[in-house]
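Following: one structure in structure tokens, then a few remarks.
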Amino acid sequence: MENAQRVEDMAKMVSSVSLVFLFNLISFVSFFSVPSESHKLAPALNVFGSSAVDAGNNNKFHTFAKYNYLPYGIDFPEGASGRPTNGYNLADYIAQSLGLEIPPPINSVNPRLSKNIDGFNYASSLSGTLNTTGTDTYRGVMSLYRQIHLFKATIRQQLKPLLKTHSSLKEHLAKSIFLLSTGVNDYSLTLLRNEKRDNESAASPRQIDFEEVHYAFSQDLVEKYASLLEYLYKLGARKFVVINAEAMGCLPYEVQKATPVDPVCVDPLNFLIFNFNRLLSRKISELGPKLPGTTFIIGNNYEHTETLVLNPTSLGLKEGFNPCCKVTKNGRCDAKILPCTERDEYAFFDGFNPTQAANKVFANECFNGTSGVCSPLNVQQLAAL
């Protein structure tokens, strides 16, 4: 009986995806058609970070750190592309608003053969700013440094041959937009996981000032992040959109672990991320004068996450704390069970990642909104510089 039900569930899921595909076919063709040069607000969008903007770079690896299975992608024209959501992610919407093609995952193309100069997506789920975050546990995960190193290779192998001259390449990079979204995994997969392991292995309780340790970790993390932003600058980047880290304590997975009956955000986790974001914002303000010709935008994903779960109706959604799909003990969608049908009303698709609807709200506000989601400029204003 159980096997029969499983077959029936999968049949329903496949049927659902087929209907969605047919319904979205026209918009799919329009969305992925090559934009004319006159409609482009920027020459390219290059994307770096973790799951919030991953487009499927981990798909080819035999690893836990990928999302190329249903119900992920149930509302995406190409199906389960590797994006850890039901449809489009934040970077996809930003690219569309800029009049660009959606940046393809760099691991899905051969830069030497590609004629695409609209940018690539280098993001890798479960990665972090630190080289060890995710990579020491999950095969295929690419750290932020590794992602930027791949971008450097793209310049050499693809952009230089296509753009011909040094001046053309320099102008292309200077006017392109570089979007980065990372941070939380360095805490969940490195700092907190290591602390838990050390405490479990200790013969007796250790006397540690965790507040001091956490602050020092955040300082070091911000310095590492800043050095990678400077690395991109040296490669030619001038226009940056830095999405700060989401409120980890408000993610459904963390909330369910801490307060399964009466859900509330986990303050100690949020304090860690709030402090990191504060230090990052301060560091970026210091970088500006050191990097002539550079403009930084900070996207307030922390506040957006809080709003998603605490006041979803203010964003046109209905459900905050509960994810749309049935999640496993690891917070990922269960492949055997259909997700909710009202996906446009949910803030989160799984235990960690927002729905397409939530991504669209943030992307639209960041692109041309005036609410301060992205500041001191929005992306449209940045592109016009």
Side-chain angles (χ1 to χ4, degrees), residues 46-55 57-58 63 65 84 89-91 105-107 120-152 178-195 213-235 237 240-249 251 269-288 290-291 294 296-302 305 352-353:
N46 291 292
V47 182
F48 307 86
S50 188
S51 60
V53 290
D54 185 12
N57 273 312
N58 296 353
T63 179
N89 66 30
L90 163 67
I106 190 64
N107 285 342
F120 291 98
N121 187 312
Y122 300 84
S124 177
S125 290
L126 300 187
S127 69
T129 302
L130 301 176
N131 290 336
T132 55
T133 296
T135 61
D136 58 354
T137 306
Y138 307 111
R139 183 185 177 193
V141 171
M142 301 187 298
S143 68
L144 185 56
Y145 171 80
R146 173 62 180 160
Q147 295 171 35
I148 297 173
H149 190 70
L150 284 175
F151 172 67
K152 180 180 180 181
F178 293 77
L179 187 150
L180 301 93
S181 177
T182 190
V184 160
N185 290 334
D186 293 298
Y187 288 89
S188 62
L189 299 180
T190 298
L191 175 68
L192 298 178
R193 178 175 288 185
N194 289 346
E195 283 183 358
V213 170
H214 293 168
Y215 185 79
F217 178 87
S218 295
Q219 284 186 310
D220 290 342
L221 186 61
V222 166
E223 290 297 326
K224 176 65 174 177
Y225 201 159
S227 71
L228 293 173
L229 292 173
E230 291 186 73
Y231 184 14
L232 277 172
Y233 176 84
K234 291 176 182 177
L235 293 176
F240 294 88
V241 180
V242 178
I243 308 298
N244 69 16
E246 62 267 35
M248 179 167 62
L251 299 178
L269 295 181
N270 277 351
F271 177 78
L272 276 175
I273 304 303
F274 181 85
N275 187 53
F276 165 74
N277 286 335
R278 181 176 60 85
L279 293 173
L280 178 62
S281 180
R282 182 189 303 167
K283 189 66 181 180
I284 286 176
S285 67
E286 294 171 358
L287 275 181
K290 291 176 56 180
L291 307 177
T294 299
F296 286 99
I297 286 177
I298 295 180
N300 195 347
N301 197 23
Y302 181 94
T305 310
F352 303 99
N353 300 289

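The structure presented is a predicted model; accordingly, all values stated were derived computationally and were not measured. Every heavy atom of this structure was used, including side-chain atoms; hydrogens, water molecules and symmetry mates were not.
Remark: Y122 engages T154 in a side-chain hydrogen bond (donor to acceptor under 3.5 Å, both in side chains) (not counting sequence neighbours). Scored by the side-chain hydrogen bond (donor to acceptor under 3.5 Å, both in side chains) test, T294 finds no partners at all (sequence neighbours excluded). Residues satisfying the side-chain hydrogen bond (donor to acceptor under 3.5 Å, both in side chains) criterion with R278, sequence neighbours excluded, are N275. Partners of K283 under the salt bridge (Lys or Arg N to Asp or Glu O under 4.0 Å) rule, at least two apart in sequence or in another chain, are E223, E286. Judged as a side-chain hydrogen bond (donor to acceptor under 3.5 Å, both in side chains), and not counting sequence neighbours, the contacts of D54 are S125. Applying the ring-ring contact (aromatic ring centres under 6.0 Å, His included) test to Y225 and every residue at least two apart in sequence or in another chain returns nothing.
Within 6.0 Å of the OH atom in Y187, the count of heavy atoms belonging to other residues, nucleotides or ligands exceeds 12.
A pairwise comparison of heavy atoms in S188 and M248 identifies CB-SD, 4.0 Å as the closest pair. Closest approach of S143 to N131, counting heavy atoms only: OG-OD1, 3.3 Å. S127 and G49 make their closest contact through OG-O, 3.1 Å (heavy atoms, listed as atom of the first residue, atom of the second, distance). Of all heavy-atom pairs spanning A65 and N58, the tightest one is O-ND2, 2.7 Å. Contact record, M142 with Q147: O-NE2, 2.9 Å, taken as the closest heavy-atom pair. N270 approaches G249 most closely through the heavy-atom pair OD1-N, 2.7 Å.
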Can D186 and K224 be said to form a side chain to side chain contact (heavy atoms under 4.5 Å, CB included), step by step? CA-CA 11 Å; D186 293 298; K224 176 65 174 177; over 6 Å; no
Could you go step by step and tell me if T133 and N185 meet the side-chain hydrogen bond (donor to acceptor under 3.5 Å, both in side chains) rule? CA-CA 7 Å; T133 296; N185 290 334; over 6 Å; no
Steps toward side chain to side chain contact (heavy atoms under 4.5 Å, CB included) verdict (I243, V53): CA-CA 10 Å; I243 308 298; V53 290; over 6 Å; no
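Between L144 and the options L232, L130, T182, L229, a side-chain contact (heavy atoms from CB on, under 4.5 Å) holds for only T182. Considering T135, N107, V141 in turn, V141 is the only one that fulfils the side-chain contact (heavy atoms from CB on, under 4.5 Å) rule with S124.
Ring planes of F48 and F178: parallel class, angle under 30° (limits at 30 and 60°).
Listed for the S218 side chain is a donor-acceptor partner under 3.5 Å among the backbone atoms of H214.
The OH atom of Y302 sits 14.0 Å away from atom CG of L280, with the distance rounded to the nearest 0.5 Å.
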